[in-house]
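Whatever order the structure lists ligands and atoms in, that order sets their numbers, starting from 1. Atom set for the values below is all heavy atoms of this structure, side chains included, hydrogens, waters and symmetry mates excluded.
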Amino acid sequence: MSGSSDDLFDYIVEKLANFVAEEEQRFHHPADRQRELGFTFSFPVMQTSINTGTIIRWTKGFSIDDAVGQDVVAELTKALKRKGVEMRVAALVNDTIGTLAGGRYTNKDVAVAVILGTGTNAAYVERAQAIPKWHGPLPQSGEMVINMEWGNFRCSHLPLTEYDHSLDIESLNPGEQIFEKLTSGMYLGEILRRVLLRLAEEASFFGDEVPPKLKSPMILRTPDMSAMHQDASSDLRVVGSKLKDIFEISNSSLKTRRVVVELCNIIATRGARLAAAGILGVLKKMGRDTLQEDGEKTVIAMDGGLYEHYTEYRECLESTLNELLGEETAKSIQVEHSNDGSGIGAALLAASNSSFLRERSL
Ligand code: GLC
């Protein structure tokens, strides 16, 4: 996550080579035919064609300075050459775009894709004419997809707490990805740690001493927070054992554990409600936040570990979306989990830009 560009792409190629080596016989390619790859790259890119684009900046804790401004596909292609792996990158795809393409392939009502995982982002289908940035020829369909990079949204109406500010300042990308820092999996556990630390320091929440481990950044991961939040045992056993395993806090009282669960709830609820507000914003932009006269449905393809595994977060997001849309409109909007939609979508886009298939007009 913090080495050189060559280290990163060599690592990816090494994993690719292992994958190819383990492929079943029936997937082996004839010697004269190059393998073609769909490359899901889940970071902000200035995309200049279906298989070229330069890295704008890193997010989610990555920090590989010499890669910024480089063409991702050219870097990967150089690494493929260095390692002697025969492969052509046929499509460079953000995970939101992959999820949109994968979802749309099986269901034509999919018009929005949202990722809620380590990071967060959304993509949607826009009328090409409504895109002032686009100066090229209009596509035949009249539509284009937009990767919003909504994780980088910030606005003076978005209240930030002192915990958000300190998390941001101490992050690898201060001032950037503010919406992502309020809503996504990489940060929710860290917000909780900061609140617990302050309680320990200022209210002796865990006794006279501040448990030293509470001061370690990023030590509390969101899956652990989710496990504490979901603890249904009468003595909040899971909360007790997480506090012990992660922070070496033993013998926490039931009262303390209850407060921890309540804090999980506050932090997850804020994140989920903001994510739902983001989705409503996209639907509004598309004119789909009200009942459609033709009865058309809108499906939102959703992927990412946070949405998939954090039940309270998911349920809160869905109920907030219904609340914002109102009962009637909510019936025409559907959120669908698309498991590894981004990988499948990238493969489909690679197939549609395959030089092998094009040469044979398939
Ligand atoms: C980060 C990236 C974005 C990606 C999202 C979800 O926000 O900048 O490109 O789509 O994470 O993985």
When rounded to the nearest 0.5 angstrom, what is the spacing between CD in E180 and CG in N173? 7.5 Å
What's the verdict on side-chain contact (heavy atoms from CB on, under 4.5 Å) for V73 and T77, showing C-alpha distance, side-chain angles and the deciding distance? CA-CA 6 Å; V73 174; T77 306; 3.9 Å; yes
Please give me the minimum heavy-atom distance between A301 and S338, naming the atom from each residue. CB-CB, 4.3 Å
Nearest-0.5 Å distance that lies between atom OG1 in T120 and atom CD in E149: 10.0 Å
Verify the neighbour count for atom CD of E86: are there more than 12 heavy atoms of other residues, nucleotides or ligands below 6.0 Å? no
Between ligand 1 and the protein, tabulate every N or O atom pair separated by less than 3.5 Å, reporting distance only.
unit_1, atom_1, unit_2, atom_2, d
ligand 1, 7 (O), T120, O, 3.2
ligand 1, 7 (O), Q177, NE2, 3.4
ligand 1, 7 (O), E180, OE1, 2.4
ligand 1, 8 (O), T59, OG1, 3.0
ligand 1, 8 (O), E149, OE1, 2.8
ligand 1, 9 (O), F43, N, 3.3
ligand 1, 9 (O), N94, ND2, 2.8
ligand 1, 9 (O), E149, OE1, 3.4
ligand 1, 9 (O), E149, OE2, 2.6
ligand 1, 10 (O), N94, OD1, 3.2
ligand 1, 10 (O), D95, OD1, 2.6
ligand 1, 10 (O), N121, ND2, 3.0
ligand 1, 11 (O), K60, NZ, 3.1
ligand 1, 12 (O), K60, NZ, 3.0
ligand 1, 12 (O), D95, OD2, 2.6

Side chain to side chain contact (heavy atoms under 4.5 Å, CB included) with L274: which of T320, T183, T269? T183
